[in-house]
Amino acid sequence: MYASVIVQISSKNVDRLYTYKIPDHLKDKIQPGSRVFVSFGPRMIQGFVIEVSQHTDLDPSKIKEIQKVMDIEPVLTKELIELSKKLADYYVERHIKVIEAILPAALKMKSKSVLKLSNEASLEAVNQFKQFHNDKINVKNLTMDDLKLLIPFINSKDIYEEKEFEQHTKMKTRRGIESNYLDARPSSRAVKQIELLELVENKGPMTYESIEEEGYSIGIINALVDKGFCKKIDILVERDPFEGRVFYEDKKKVLTDEQARAFKAINQSIQNNTHETFLLHGITGSGKTEVYLQVIEEVLNRGENAIMMVPEIALTPQMVNRFKSRFGDDVAVMHSMLSHGERYDEWRKIREGRARISIGARSNVFAPFDNIGCIIIDEEHESTYKQNERPYYHAREVAKWRAEYFNCPLILGSATPSLESYARSEVNVYKRLELTKRPTNQTLPTPEIVSMSKEREAGNTSIISRNLDMKIRDRIEKDEQMILLLNRRGYANFLVCQNCGHVPMCPNCDISLTYHKSNASLMCHYCAYEEPMPHACGVCGEHDLSLRGTGTQKIEEVLRDTYNVDIVRMDIDTTRQKGAHEKLLKQFEEESVPILLGTQMIAKGLDFKNVTLVGVLNADTILNLPDYRANERTFQLLTQVSGRAGRGDIKGEVVYQTYNEDHYAIQLAKNNNYREFFLREMEFRKLARYSPYYFHILFTVSSENIEDVIKASSDVHKEIQNHVSKSSIIIGPSPSPIERIQNKYRFQIILKYKSEPELFDVLHKLDTKYSINYQKTKTALRIDVDPEYIM
Ligand code: ADP
Ligand code: ZN
């Protein structure tokens, strides 16, 4: 038997299958998806078996044998292997890179598989195991002959496999006791001891903590141990990132008519095993999550699994709560803040069928279930679903492929669907389901628009308009809470010399530096370059430096000075630490802090009953970005954040401050008119020939040498032009919006096309050419298929 193996070297040169011989005694252990060790040139490297076959066209005497198998259970399922091939092809990526994205990072790191003896092992197995003089056996150190001896016991589950990570968390253990199962009982006067002994005999081994929780003291435990009824042991506990957390009960609700209609349509697809994509378009707070929960319940009832996608899990503690509360331990949470070991634990729960729902952000779309009954993507329009580095996959596309494979529904939920998805629902490629009302009878707030230019004319130079100021004071008075959004972090946007107009720039990137007050420094948000705040202008030497633009840090100060109240600030700078998001949100809720101030990370998913005011301090920050999706993102952000107000009994108020009060994205967000926005924006996209009318590919050429960039980008341009039809449009080459990042000059080409059958061949050829020549030329070509940003 032969295995086709993809090796774990991220180089275009070796991006193909290599054939190895499978040793006879490993025949049933090496399958597609197995992680193996093979000799490759002079070294031994890790690889993944992609195919297994009886025959080979190569000369068998020249084929090397697989050296080692790393895991007993293959890490990839058949479906995930298929998926990895498709993704590598579509996103013009090396196969191994995609496999690495699919698997948890822990499997790339130094990890080892060890074999251990099960508690119920047969005598024969115990004797065999003893030959190795250890309580665990490292799979990697086994000779093929050793493995041959052990395999029957692995098959009979007398011996099991476990993974250990060298640098990271070991399996955690806790002190505990176990019964010796004597016939004798403690004396009848020792009532508590008898009780506890029975408890331990019924429940099995218990940790000290859990015994104390049941109301028994250490004294009673010790008595049972001293008298020989129990023995002390170490108990293995799974690393549970949600340990000690109380989950609020979230009861199943009777669906409203609209919800019931949506549920019924989706359920039909589940029961009939048909793939269909649904666009669940529901205003904020219309009960989309309730529909998800009930759909998942159906899926579980059929013995199938569900994938629940959220934009960023740290920002959705309330959502996780609801899932945990409904489905308990069936839920695996793929949290981005987990350690590699913790993530791997969650992954393994899924792979081994111990978890049946996985909830998480982008990479959760690869959850290794082998029987998926539905995939749900909440806030499907969010740009975080697209990975901004290699491989550039979009979770929505991946989800579509997987749902097709498993013949199950894909549900895209949003109050503000992406134009692409909504356009597909217009032509019935996706089935649209609408939720137009809130089940709780709360009315949506009607936002007000405040023109900041009129404020200036009236002499108010503050960043807070008079209208918003009045409302803020009113809420503080009434002990109600508010959310203020400013989509710009840092203290000031940039520094400018009043004398000569010089603006300090990043030395590595063509972008001005942002002033951060907390560490009195100027920072680059692209390359993390940092320098101390200068006292004088670097060009003219004058001391007349002034800060322009306003970031969250500065606003926090202004608000504190003006209103003299507590403020919770949430932006990248305050949420770097593990658990920081949750801590801040908890503080806001439990301590009734009047103001939650933050960047767009506060716009999503939060459900606080006491929030009655939302203020958008500068609705223009996104509108002004040089990107064709700027209008769409502005509309989405404004709608999302407005939905945070008035979730309790009191009607909420929303204020948008802007210099572009007549812009349709802002006007239509105010009127909560998605459909009108869609129609308007589609006209613009049609005229400008953008998505969803055209597909896009963004080519970025970069190098430290500007001439090389110009030469290479015109070469790429020529190559594309020679292979696409007249109906496609090529824009560029031209300098990227940020012309230099980390000392590399950047040029871009945008290709807009409708259908180009030969295109992907050309893309792969270009990628190969530039990857292979990179060592020599140091000129890189990045190909981003379906880019989220054209910047
Ligand atoms: P969305 O996901 O669309 O923002 P949610 O599912 O979070 O909406 O629902 C908003 C609020 O309405 C939640 O507090 C939820 O418990 C409640 N809710 C949802 N569906 C119902 C229902 N059928 N009956 C009563 N309350 C509901
Ligand atoms: Zn920089």
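Given the structure is predicted, the values throughout are model-derived calculations rather than measurements. Order of appearance sets the numbers: ligands from 1, and atoms from 1 within every ligand.
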Proximity of Tyr422 and Tyr674 rings by center, below 6.0 Å: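 Yes: the rings meet the under 6.0 Å criterion.
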According to ring-ring contact (aromatic ring centres under 6.0 Å, His included), who are the partners of [X], at least two apart in sequence or on a separate chain?
X: Tyr292; result: none
X: Tyr392; result: none
X: His696; result: Tyr628, Tyr690

Is the shortest distance from a Lys or Arg side-chain nitrogen in Arg396 or Glu420 to a carboxylate oxygen in the other one below 4.0 Å?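 Between Glu420 and Arg396 there is no salt bridge, as every charged N stays at least 4.0 Å from the carboxylate O atoms.
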Is a salt bridge present between Arg675 and Glu434, judged by a nitrogen-to-oxygen distance below 4.0 Å?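 Salt bridge between Arg675 and Glu434, a charged N being under 4.0 Å from a carboxylate O: no.
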Note down each nitrogen or oxygen pair, ligand 1 side and protein side, whose separation is under 3.5 Å; give only atom names and the distance to 0.1 Å.
| unit_1 | atom_1 | unit_2 | atom_2 | d |
| --- | --- | --- | --- | --- |
| ligand 1 | 2 (O) | Thr289 | N | 3.0 |
| ligand 1 | 2 (O) | Thr289 | OG1 | 2.6 |
| ligand 1 | 3 (O) | Ser286 | N | 3.2 |
| ligand 1 | 3 (O) | Gly287 | N | 3.1 |
| ligand 1 | 3 (O) | Lys288 | N | 2.9 |
| ligand 1 | 3 (O) | Lys288 | NZ | 3.0 |
| ligand 1 | 4 (O) | Gly285 | N | 3.0 |
| ligand 1 | 6 (O) | Thr289 | N | 3.2 |
| ligand 1 | 6 (O) | Glu290 | N | 3.3 |
| ligand 1 | 6 (O) | Arg322 | NH2 | 3.3 |
| ligand 1 | 7 (O) | Arg322 | NH1 | 2.8 |
| ligand 1 | 8 (O) | Gly287 | N | 2.9 |
| ligand 1 | 16 (O) | Lys253 | NZ | 3.3 |
| ligand 1 | 20 (N) | Gln259 | NE2 | 3.0 |
| ligand 1 | 23 (N) | Val254 | O | 2.7 |
| ligand 1 | 23 (N) | Gln259 | OE1 | 2.8 |

